[in-house]
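Computed over heavy atoms, backbone and side chain alike; hydrogens, waters and symmetry mates excluded.
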Amino acid sequence: MDDGLLHVLDGLAANPAAPPDVLFRLAAVPRAAKEMAWRQSDLPDTVVERLLATGDSTVALALDSPRQSEATRQRIADHPDAGIRNARSRFVEHQIRVGNRVMPDDLAAYAGPGGLAGLARHEDPVLRAAVAGTWAAMPVAVRRELLADPDPRVRKAAAGFPHPPAPADLHAVLLADETTRVEVASYAALTAEAVRECLAGDEELRGAVALNPALPPASRDRLEQDPSQYVRSRVLLRQDLPEDRRRRLHAALLTEPEDVDTEVPFAMALLHHERPSWLPSRPLAERVAHLDSPIPCFRRYAATSADLPADVVRRLHAHEDVQVRHIVALRADTPGEVLERLVAEHGEGFRHRGHTEHPNFPPEAFVRLATAENPSRRALAAKGPDLPADVIAVLARDTEAVVRAAAARHSRIPVRVLETLLTDNDQKVIEAAGTNPALPVDRMRALLDRAGL
């Protein structure tokens, strides 16, 4: 079987319009079977049986999912082959042992009848740590137990992400414990001794305590002069730092040399994505002033304010920080021409996708995007649900594979055009064409015949 046909079959395996007989025949191809198990939902019983008959534990793992019926999951639980029956529990066990975070639902299924509460009291500290590190909604009593666990891994996991601040009466104990100190230093009540210990600690601890609102001004000022750029970048985020000093500190960080031996690139990158927790509660005038802050996270977080005046919003649509423009464009009242201009000039953005799905995005703008110079913009044109067939055909002949793949996924693509993309020289284009529900069923069967299935 040639490589191009294999990629076509990969696409068919994920095609939501593929009928049971097509899926059944596809299950004979190992890679298509995996693709089908991971990407299809609510598969028919006959297809599930065929997939499980492959004996592939990866397929069983994929099928043991909320995307499939309860009958399918029960069939896996009752399967005579232990490799099939235990595929998910073995996967979860592996994730736990290598230190990866396991989602609460997966962990609960792994825990069995005792649930997460039972696992939190398991004799194996690795399992207790796994629960402590993922069960954000655990009862306070269970968390207290884990915060006092004899194993430091468990205490650290229970103290940090994704949990809310620990109970106030435990702050002193957690600060005194070097295992949990960093996890609580950013918010815990601080005694004079705790402040001294934190200031004498390593960079991570100093950076954490630099965020603590209860840190005395003299200690804050000391950290403002800290030798670590990372620590000083944390001081920048404090509410009690006067704005003129905040800006001077940021300017000083910007002038420091960047190389592999400094923390400057890391510290400055963090400032692009932080969300100063106190900023939303500040008066409108103060938040508006932050819209022109030289510090990215301040102007971007201020731009999320829902109560910005209309004249301020209009100004932000032309802001020099494109991320600010992306953020403001998410507002329900953003004019269509603003959305189109932003997408045409800068795309949808990595963190702010969805402008082309905005109710105000002009339908005719998709046609204009189809002739854009940038190929990523031409690919966005294919997101237009009512794009004319002749425009889709033009996109399908584009020199860039990303554009042809986008056209191959369009629901209105003419079948004759879709057929040509099944023989494209790019595997992503071929797979995209195979996934399109517009592909006639008789053509799917003909492809299986060609593959000898």
Side-chain angles (χ1 to χ4, degrees), residues 5-92 95 102-112 115 353-354 357 383 385 405-406 408-413 415 418 422 428 430-449 451 453:
L5 184 53
L6 278 172
H7 288 299
V8 171
L9 299 183
D10 288 343
L12 287 181
N15 193 316
D21 66 291
V22 168
L23 296 176
F24 188 90
R25 292 168 67 184
L26 274 170
V29 181
R31 55 190 270 174
K34 291 184 176 70
E35 189 78 5
M36 189 189 312
W38 284 111
R39 297 185 61 182
Q40 293 278 7
S41 298
D42 203 19
L43 286 164
D45 291 347
T46 54
V47 176
V48 170
E49 286 289 357
R50 180 70 181 87
L51 288 170
L52 293 179
T54 65
D56 190 324
S57 60
T58 304
V59 168
L61 172 64
L63 291 174
D64 191 2
S65 158
R67 292 180 294 102
Q68 304 301 335
S69 67
E70 281 303 314
T72 291
R73 304 189 77 179
Q74 190 60 49
R75 183 178 286 112
I76 293 171
D78 297 336
H79 203 278
D81 184 338
I84 298 295
R85 192 171 61 248
N86 300 325
R88 181 156 293 279
S89 62
R90 285 204 317 275
F91 172 76
V92 172
Q95 295 294 97
V102 179
M103 293 296 100
D105 287 349
D106 287 336
L107 202 58
Y110 171 81
R353 299 184 187 278
E357 284 85 32
K383 295 179 70 173
R409 288 188 285 267
H410 201 286
S411 62
R412 297 187 64 193
I413 187 171
V415 173
L418 187 59
L422 289 171
K428 287 185 169 51
I430 295 171
E431 290 179 20
T435 64
N436 197 319
L439 188 65
V441 172
D442 60 352
R443 183 66 174 113
M444 297 183 191
R445 294 183 178 124
L447 288 165
L448 295 177
D449 291 341
L453 300 174

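Remark: Asp21 engages Arg445 in a salt bridge, criterion side-chain N to carboxylate O under 4.0 Å. Residues Lys34 and Asp56 are paired through a salt bridge, judged by an N-O separation under 4.0 Å between the basic side chain and the carboxylate.
Put simply, the side chain of Trp38 reaches to within 4.5 Å of the side chain of Leu61, judged on heavy atoms. The shortest side-chain heavy-atom distance between Pro30 and Thr54 does not fall under the 4.5 Å cut-off. Within the 4.5 Å cutoff, no side-chain heavy atoms of Asp10 are placed close to those of Thr435. Using a 4.5 Å cut-off on side-chain heavy atoms (C-beta onward), Met444 and Pro19 make contact. Between His7 and Arg31 there is a side-chain heavy-atom pair separated by less than 4.5 Å. Leu63 has its side chain out of reach of Arg73: every pair of non-hydrogen atoms, C-beta onward, lies at least 4.5 Å apart.
Smallest separation of non-hydrogen atoms from Ser411 and Ala438: O-CB, 4.2 Å. Taking each heavy atom of Ser57 and Ala87 in turn, the nearest pair found is O-CB, 3.5 Å. Closest approach of Leu51 to Ala33, counting heavy atoms only: CD2-CB, 3.7 Å. Nearest approach of Ala405 to Ala432, heavy atoms of both residues: O-CB, 3.7 Å. His410 and Arg412 make their closest contact through ND1-N, 3.0 Å (heavy atoms, listed as atom of the first residue, atom of the second, distance). Between Ala433 and Ala408, the closest heavy-atom pair is N-CB, 3.7 Å.
Of the residues listed (Leu439, Asn436, Leu12, Leu5), the one engaging Leu422 in a side-chain contact (heavy atoms from CB on, under 4.5 Å) is Leu439, and it is the only one.
Remark: the backbone N or O of Leu453 is paired with a side-chain donor or acceptor of Arg25 at under 3.5 angstrom. Between the side chain of Gln68 and the main chain of Asp42, a donor-acceptor pair closer than 3.5 Å is present. Using a distance-only test at 3.5 Å, with no hydrogens or angles considered, a donor-acceptor pair links the side chain of Arg85 to the main chain of His79. Side chain of Ser69 to backbone of Thr72: a donor-acceptor contact under 3.5 angstrom is found. Side-chain atoms of Arg67 come within 3.5 Å of backbone atoms of Gln40 as a donor-acceptor pair (strictly under, hydrogens ignored).
Between the CG atom in Leu9 and the CD atom in Glu431 there is a gap of 10.0 Å [rounded to 0.5 Å]. For the atom pair CZ (Phe91) and CG (Asn86), the distance works out to 15.0 Å, reported to the nearest 0.5 Å. Between atom OG of residue Ser65 and atom CD1 of residue Ile76 there is a gap of 9.0 Å, rounded to the nearest 0.5 Å. Going from atom CG of Leu52 over to atom CD1 of Ile84 covers 5.5 Å, rounded to the nearest 0.5 Å.
The environment of NZ in Lys383 is crowded: more than 12 heavy-atom neighbours from other residues, nucleotides or ligands sit within 6.0 Å.
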